[in-house]
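Throughout, numbering of the chain's residues begins at 1 and tracks the sequence.
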Amino acid sequence: MYLFIWIIVSFLVVGAYFAGTMNLLPSLPFFTSSTIASPSATAPSQSPQSPQSESHPTPLSSSTKQPSSLVNPSMVQAQQQEVNPDEGNNVSTTSSLASSSQKISLPEIFKKTENSVVQITSTRPGSDQIVTLNGREIPQNNIALGSGFVYDQDGRIITNHHVVSEVDEVDVKFVDGDTYTAKVVGKDPYSDIGVLQIPDREFFDKRVTPLKIANSSEIEVGEQIIAIGNPFGLSGTLTTGVVSQIGRLLPNDVTGYSIANTIQTDAAINPGNSGGPLLDMKGEVVGMNTAIFSNTGVYSGVGFAVPSNMLLKEIPVLIEKGSYVHPWLGFTARDVSPDIAESLKLPRNFKGAAVVAVVENSPADKAGIRGQATGLDFVGNEQVRSGDIVTKIDSQPVKSMDDVISYLDESKKVGDKVTLTVNREGQDVEVPITLEERPSSSPRLLAASSSSQQQQQDREEEESEPNPPLFRFPEIPGFPELPKLFP
C-alpha cells in the first residue's frame, strides 16, 4: 500500500517537472503581502505554513488557477494605494505613487521659486540729510530693504506696504542680478500690502514664472512651511519652520488698526524678509512675511505673515483702484474677564467683547450700541456703568474683539449689513448695523476724542453754574419757586 502511494507521488513530481520545463503551465507573477493586501481580493486556499513562511510567503502553487483581475496592473496599483500611503508626506493622499509625485524637497522648492522672489530697495525722501553723532557729521541712512514676489506675467510684484510706504518708485532686483525700476500702483496700510508694476519690456522677455497662491484657510498648526527673502540684504535666503498658530490679530502701531487672521510661524524672519513669500511644501504661497515679535529687533522665534486669502481678496482691487477700503463698526472693546462677568451677575466664564467706547457718529453709534460710561452717584463716588457685551455677529459666536475684526475683514465689505447680538443689562438684544468705510484715524484716538468731547460738555455744564446745589426740588409747572437751600 505504501509502495503504491510513493509510486503515485513520484509520478506526479516527475510529471510536474517535465511540464514546467516544457512551458506547459501558465506564467503567474510572484505576489507578496505588499501587493495582495486588499480584503476584497479573492485569495486561493493554501496549506498552513510555518511562522517563517508567514513573514516571507512562498510562491503560489503552479496548479492553482488565479482570477485575471489579480494580474491586472491597475488592480495592483489600487491595492498599493490602499495599503501603502506615504506617511512621510505632509500632503494627505492615499496613493504612494501620487504622494511621491507631489512631495517636493526643500532644494527643489528653492530652485522652483528663487527666480520669482525679489529684493526691493526704496530710497525715502530726506536721504541727503546730515545728522551729528558724537561731534561727527554722518549722512542719514534712509534706504529701506525688503522682499517681494512675482504675482503675474504683467510685471506686477507683491510686497509689504511698509517697504514702499513713502515712495512712488523702487528698485527690484532678481536673483540673477538683473535690476528694474518699478512703480508703486497700489497700497493698503491697514493690511500692509503693496503692489508694484515693472514697465520695462526687457522684464517681460525674461518670462519669470509667477508664484502660485494657495488657499490659506486649509493650512493647519504644525505644518512645515518655508520663508524666502532677503534678511539684512542677503539675497535668496531660505529658512524653514512650522505654522505655530493661525488666526492671530496683529496690532499695527502705524495705523492703529490690527491686521486680522495672520499666520504665526517660527521660521526665521528678520529685517529684510518683509514682503517675501511664506510657502507650503508644494512651493505655493500661503502668506506674505510681515512682522516679527522681538525685544531686540531680530529673530526671536515668533514671526507673522499676512494670509494668502487676504492677498487674493485685495490685490485685484489694489491693481484696479490703487487702494482698498475696509468696513468699520466704530467701537473699541475688551475681553470679558471672570471678575467683570461676576460683577455683572453673569456666568464666570461668560464670553464676549465688552464695548468700552463708541466713536461719535459711527455706525455703532447710529445703531445705538452702548459703551462703558462713568458718572457720580448721589454722594459723589465714581460709578461705572457697563456697556454692551457683543456675543455674536451674524450668528457667529464672539469670544473677543478679535473675532469681530476677523469676521469683518474676511467676509464683509463697506455697505453690507451685520447684526450684532449684545448682552445689555442681562438681556440679549439684536442690533442691525450698516458698515461704513474705515476712517484713517486710529480707533482709539477717535474713541478718546468722542469721550473727551463728552467730558468737555459735562465740564461746560458744570462751569455754567459755579455753585451747584447739592439737591434740587423737582420743578412743578405753576408752582411757586422754592427758596434755595444754600446761597
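In this structure, the side chain of Ser362 does not engage the main chain of Phe331 through any donor-acceptor pair within 3.5 Å. With hydrogens and angles disregarded, a donor-acceptor distance shorter than 3.5 Å links the side chain of Lys187 to the backbone of Ser165. In terms of modelled atom types and a separation under 3.5 Å, the side chain of Ser411 and the main chain of Leu408 share no donor-acceptor contact. Distance alone, capped at 3.5 Å, places no donor-acceptor pair between the Ser122 side chain and the Ile120 backbone. Of the possible polar contacts, none joining the Thr265 side chain to the Val302 backbone as a donor-acceptor pair under 3.5 Å is found. Of the possible polar contacts, none joining the Asn273 side chain to the Ile269 backbone as a donor-acceptor pair under 3.5 Å is found. At least one donor-acceptor pair closer than 3.5 Å links the side chain of Asn160 to the backbone N or O of Gly275.
Taking Arg201 as the reference, nothing meets the side chain to side chain donor-acceptor pair (under 3.5 Å) condition, with sequence neighbours excluded. Scanning for ring-ring contact (aromatic ring centres under 6.0 Å, His included) contacts around His326 gives Tyr190, Tyr324, with sequence neighbours left out. The side chain to side chain donor-acceptor pair (under 3.5 Å) search around Glu342 returns Arg348, not counting sequence neighbours. For Glu218, there are no salt bridge (charged side-chain N to carboxylate O under 4.0 Å, His left out) partners two or more places apart in sequence or in a different chain. Partners of Arg424 by salt bridge (charged side-chain N to carboxylate O under 4.0 Å, His left out), not counting sequence neighbours, listed by chain and number: Asp388. Evaluation of the side chain to side chain contact (heavy atoms under 4.5 Å, CB included) rule for Ala268 yields Thr239, Tyr299 as partners, not counting sequence neighbours. Residues forming a side chain to side chain donor-acceptor pair (under 3.5 Å) with Thr113 (at least two apart in sequence, or on another chain): none. Under the side chain to side chain donor-acceptor pair (under 3.5 Å) criterion, Asp192 pairs with His162, sequence neighbours left out. A search for side chain to side chain contact (heavy atoms under 4.5 Å, CB included) contacts involving Val254 returns Asn252, not counting sequence neighbours. Applying the salt bridge (charged side-chain N to carboxylate O under 4.0 Å, His left out) criterion to Glu425, with sequence neighbours excluded, gives Arg370.
Atom NZ of Lys366 is surrounded by more than 12 heavy atoms from other residues, nucleotides or ligands within 6.0 Å. For CG of Asp205, the number of neighbouring non-hydrogen atoms (other residues, nucleotides, ligands) closer than 6.0 Å is greater than 12.
Within the 4.5 Å cutoff, the side chain of Glu284 has no heavy atoms near those of the Leu211 side chain. Counting heavy atoms from C-beta on, the side chains of Val242 and Asp266 come closer than 4.5 Å. The shortest side-chain heavy-atom distance between Leu420 and Lys392 does not fall under the 4.5 Å cut-off. A heavy-atom distance below 4.5 Å is found between the side chains of Val172 and Leu196. Within the 4.5 Å cutoff, no side-chain heavy atoms of Ile389 are placed close to those of Val355. For the pair Lys413/Val325, no side-chain contact is recorded, criterion being any heavy-atom separation below 4.5 Å from C-beta on. Residues Asp171 and Thr181 meet the side-chain proximity criterion, which asks for heavy atoms closer than 4.5 Å. Here the side chains of Ile109 and Met281 are in contact, with some heavy-atom distance below 4.5 Å.
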Passes side-chain contact (heavy atoms from CB on, under 4.5 Å), Ile433 versus Lys417? Steps please.
CA-CA 6 Å; Ile433 302 178; Lys417 292 184 178 181; over 6 Å; no
Could you walk me through whether Leu279 and Ile225 pass the side-chain contact (heavy atoms from CB on, under 4.5 Å) test, one step at a time?
CA-CA 6 Å; Leu279 308 171; Ile225 43 80; over 6 Å; no
Show your working on side-chain contact (heavy atoms from CB on, under 4.5 Å) between Tyr257 and Arg438 and close with a plain yes or no.
CA-CA 10 Å; Tyr257 295 92; Arg438 178 186 292 176; 3.4 Å; yes
Worked verdict on Ile158 versus Val195 for side-chain contact (heavy atoms from CB on, under 4.5 Å):
CA-CA 5 Å; Ile158 306 304; Val195 180; 4.0 Å; yes
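Closest approach of Val118 and Phe149 over heavy atoms only: CG2-N, 4.2 Å. When all heavy atoms of Ala341 and Pro347 are compared, the pair lying nearest together is CB-O, 3.2 Å. In this structure, Lys173 and Thr179 approach most closely via the heavy-atom pair CG-OG1, 3.5 Å.
Distance check, rounded to the nearest 0.5 Å: CG of Asp416 to CG of Asp394 gives 9.0 Å. Distance check, rounded to the nearest 0.5 Å: CD1 of Ile263 to OG of Ser244 gives 11.0 Å. The distance from the CD atom of Glu430 to the OG1 atom of Thr391 is 9.0 Å, given to the nearest 0.5 Å. Here CG of Leu145 is found 5.5 Å from CD of Gln119. Values are rounded to the nearest 0.5 Å. Distance CH2/Trp328 to CD1/Ile405: 13.0 Å, rounded to 0.5 Å. Here the CZ-CG distance, from Arg207 to Asn115, works out to 15.0 Å after rounding to the nearest 0.5 Å.
Salt-bridge formation is detected for the pair Lys206/Asp176: a Lys NZ or Arg NE/NH1/NH2 atom is positioned less than 4.0 Å from an Asp or Glu carboxylate oxygen. Taking a cutoff of 4.0 Å between a charged side-chain nitrogen and a carboxylate oxygen, Arg156 and Asp152 qualify as a salt bridge.
Each of Leu249, Asp335, Val390 was checked for a side chain to side chain contact (heavy atoms under 4.5 Å, CB included) with Ser400, and the lone residue meeting it is Asp335. The one candidate from Ile259, Asn261, Ile393 that meets the side chain to side chain contact (heavy atoms under 4.5 Å, CB included) condition with Ser406 is Asn261. Of the candidates Val431, Leu329, Thr434, Val404, Val418 forms a side chain to side chain contact (heavy atoms under 4.5 Å, CB included) with just one, namely Leu329.
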Pairs under 3.5 angstrom only: tabulate donor-acceptor contacts from the side chains of residues 305-320 to other protein residues two or more places apart or in another chain.
residue : atom : partner : partner atom : Å
Ser308  : OG   : Ala214  : O            : 2.8
Ser308  : OG   : Ser216  : N            : 3.2
Ser308  : OG   : Val286  : O            : 3.4
Asn309  : OD1  : Ser216  : N            : 3.2
Asn309  : OD1  : Ser216  : OG           : 3.4
Asn309  : ND2  : Asn215  : OD1          : 2.9
Lys313  : NZ   : Asp409  : O            : 2.5
Glu314  : OE2  : Ser191  : OG           : 2.7

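Looking at Ser147 and Asn230, their side chains do bring a donor and an acceptor atom within 3.5 Å of each other.
Residue pairs meeting the ring pair (Phe, Tyr, Trp, His ring centres under 6.0 Å) criterion with at least one member in residues 198-255, sequence neighbours excluded, are Phe174-Phe203, Tyr180-Phe203.
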